[in-house]
Amino acid sequence: MQEKPKKRLASPQIALLDGIRSPRDLKRLTRAQLSDLAGEIRELLVDTVSQTGGHLASNLGVVELTIAMHRVFNSPVDRMIFDVGHQCYTHKILTGRRNRFSRLRQKGGLSGFPKRSESEHDAFLTGHSSTSISAAMGLARAKKLRGEPGKVIAVIGDGSFSGIAFEALNNIAPDLTNLVVILNDNEMSISKNVSPFARHLARIRNTRGYYRFKDGLERSMLRIPVLGGALRDGVSGLKSAAKNALYHSNLFEDMGFTYIGPVEGHSFEQLLATLTRAKALQEPVLVHVHTRKGKGYWQAEENPGAFHGVSKFDPAVPQKNELSADSFSEQAGQCLTAFGETDRRIVTVTAAMKYATGLHHFSTRFREEGRFFDVGIAESHAAIFASAMSVGGLLPVICVYSSFLQRSYDQLLHDCSLEATHVVIGVDRAGLVGEDGETHQGVFDVPFLTTLPGAVIYSPATYEELREDFRRALYEEKGLAAVRYPRGRQTFYFPEDTRREADYSWIPAKEKADCLAITYGRIVGNLLEALKQVDQKIDLAVMNRIFPLPAPLLQAAVRYRRIVFVEESSLEGGLGQRFAAALLCSGWKGEFILRAIENPVVPQGTLAECLEMVGLDPASLVEILEEP
């Protein structure tokens, strides 16, 4: 184990990095200098991410791999796709963005993911996982049809090798000779991989002696004058038979790849030789690289899960692997665990997000009963799996980020809604999320969930409402029920004079009001803050069961001359538009003002900055409330 530093790391004294302005500059460095460069990059990664937050362990694990890729291949003629894209930090540093790296994930700074508008070296946006092989195949096919030179390289982690990746694998064509897939096998996604695919990779790693023998035999035969090539081709059947007899099957070779590996992912000698060979082969190639997540930083190596995605931290101070109970995610996990204590029908499902969604509580408590399921990064499968468990008499709850739930829309419609099965979805990170930017903002779940026949949506604003909403979703609803809640913690409490109704809360103004403000979820806090600053007398209604729209609230709203509807969701298809349509159908003729997220492609920034960008901060809400 590495010696633990006693004090905070100082900003690294960059030497070799000063001379790296593009990937071409790597080609003049010696092998020893490449190792020194890797050390400098790791220092820069730790120093920067400790100040900006971001994905640390995954990036530390691919430093040598990324350097070797840019040494062997020629970006942007050779196109590189990283999956998940949050492992692209070294790639950004090497492609002319080092001077902007201190602004990583900041407003107006570098994105934490590849972004084509940011650099010609970013081939494809990969904010969500498992997409790289499909994208690489598309780019490789385009190069073929257009007669363009160069390879297309997809770097995909073993945790991302799920769902869509297998669909792409099933569509590999032998004429895609310009395709290279690099499997970055670090035995982790966000937490430890436990799937059959992970066990398959472990078996390959344990049989690397076979592949060394195979490569050595081929090199020996090719050195034989005249007959070498014929001998190699003649014994290929014998080699395959021996491989299958001794080691069963290699999935990748069966699917049409030329398999190379496993390769030590922190050895420049092995990486450069292997990637040079992959570049020369005129056939689809899969390179299996074994790396260590968190490599080079003692805390991330010892606890890579805790350093997957981090907030600001002091690199010299040991970080406690503790999750604060003061968050909606943790409260949801504890709540579901409490319900599970008294109802054995309750089962929970996650897509490789056990800790992030708070389900580690449920997993630990009911491990022996087998009522927790991590299906890997396969949200579509999770929806069908949960729906079928409902048919079988269970009460399934899926906990998933809002932005990842988008991937299962068809299954939510076809296999949950049309089947009329009782599935509960904990929609975590609903609303704006901040620094992860446009690929992770949870602003589309309300528009698409409201299109599902029979769906019911809750949007709690407090922990108390969260617990009550899960109870109602489990025991009062019969079909698809979603409970959506934001990233982070509860930030406000309802005033003492709040009047509770079945599906909404009513906060009256001190004097009779002819204006009604309506909202739901976390943004209630900002609206309450804005109401304190305006002179107008405005009543406030806070929806809790937000869809179907509460009929009593619609009936009460028609008494007002002016209605202001505020929501932290996409304007198009949102609840505000539905509410306005319902009012018009009722014959109401007042003034309706809608404030929602007009352009839902919201770039990175702090949460406060993102709310200000879309006009949902207190100051912006004061302006619309004060409009005559």
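When a residue number appears, it is its place in the shown sequence, counting from 1.
Side chain of Ser132 to main chain of Asp83: no donor-acceptor pair is present (N/O by atom type, distance under 3.5 Å, no hydrogens or angles). Remark: side-chain polar atoms of Asn184 are not paired, donor with acceptor, to backbone N or O of Gly157 under 3.5 angstrom.
In plain terms, the two heavy atoms of Cys416 and Val423 that are nearest each other are SG-CG2, 4.3 Å. Nearest heavy atoms, Gln87 versus Phe82: O-CD2, 4.0 Å.
Residues Val347 and Val397 are not in side-chain contact: their nearest non-hydrogen atoms beyond the backbone lie 4.5 Å or more apart. The shortest distance between side-chain heavy atoms of Phe252 and Leu183 falls below 4.5 Å. The shortest side-chain heavy-atom distance between Leu413 and Pro453 falls under the 4.5 Å cut-off. Two residues are said to be in side-chain contact when any heavy atoms from C-beta on lie closer than 4.5 Å; Thr450 and Ile457 meet this criterion. In this structure, Thr462 and Phe494 have side chains that are in contact, with non-hydrogen atoms separated by less than 4.5 Å.
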Check step by step if side-chain contact (heavy atoms from CB on, under 4.5 Å) holds for Arg407 and Ser129. CA-CA 11 Å; Arg407 306 171 73 138; Ser129 71; 3.9 Å; yes
Stepwise, does the side-chain contact (heavy atoms from CB on, under 4.5 Å) test hold for Leu359 with Asp374? CA-CA 10 Å; Leu359 286 184; Asp374 186 342; over 6 Å; no
Given side-chain hydrogen bond (donor to acceptor under 3.5 Å, both in side chains), test Thr421 with Ser390 step by step and report yes or no. CA-CA 6 Å; Thr421 53; Ser390 174; 4.8 Å; no
Step by step, work out the side-chain contact (heavy atoms from CB on, under 4.5 Å) result for Phe385 and Ile398. CA-CA 10 Å; Phe385 177 55; Ile398 307 170; over 6 Å; no
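Counted within 6.0 Å of CZ on Arg344, heavy atoms from surrounding residues, nucleotides or ligands total 12 or fewer; the atom is thus considered open. Within a 6.0 Å radius of OH in Tyr493, other residues, nucleotides and ligands contribute 12 heavy atoms or fewer.
Gln577 CD to Ser570 OG: the interatomic distance, rounded to the nearest 0.5 Å, is 8.0 Å. Rounding to the nearest 0.5 Å places CZ of Phe113 at 7.5 Å from NE2 of His128. Note that the CZ atom of Arg487 and the CD atom of Gln441 stand 9.5 Å from one another [nearest 0.5 Å]. Summarising the geometry, atom CZ belonging to Arg595 is positioned 10.5 Å from atom CG belonging to Leu571; distances are rounded to the nearest 0.5 Å. Here the NE2 atom belonging to His422 is positioned 9.0 Å from the CZ atom belonging to Arg345, to the nearest 0.5 angstrom. Rounding to the nearest 0.5 Å places CZ of Arg371 at 8.5 Å from OG1 of Thr348.
Arg429 and Ser329 are linked by a side-chain donor-acceptor pair at a separation below 3.5 angstrom, with hydrogens and angles left out of the test. Checking Asp343 against Tyr475 by side-chain atom types alone, a donor-acceptor pair falls below 3.5 Å. Residues Ser380 and Tyr409 bring no donor and acceptor atom of their side chains to less than 3.5 Å of each other. Between the side chains of Arg105 and Thr52, not a single donor N or O lies within less than 3.5 Å of an accepting N or O. For the residue pair Glu477 and Tyr458, a side-chain donor N or O sits within less than 3.5 Å of a side-chain acceptor on the partner. Looking at Glu419 and His414, their side chains never bring a donor and an acceptor atom within 3.5 Å of each other.
Remark: aromatic rings of Phe339 and Phe470 are distant, center separation not under 6.0 Å. Ring centroid separation for the pair His440 and Phe404 comes in under the 6.0 Å cut-off. Aromatic pair Phe166/Phe161: ring centres closer than 6.0 Å. Ring to ring, Phe579 and Phe565 are close: their centroids are under 6.0 angstrom apart.
A salt bridge does not link Glu330 with Arg489: every distance from a Lys NZ or Arg NE/NH1/NH2 to an Asp or Glu carboxylate oxygen is 4.0 Å or more. Taking a cutoff of 4.0 Å between a charged side-chain nitrogen and a carboxylate oxygen, Arg467 and Glu465 do not qualify as a salt bridge.
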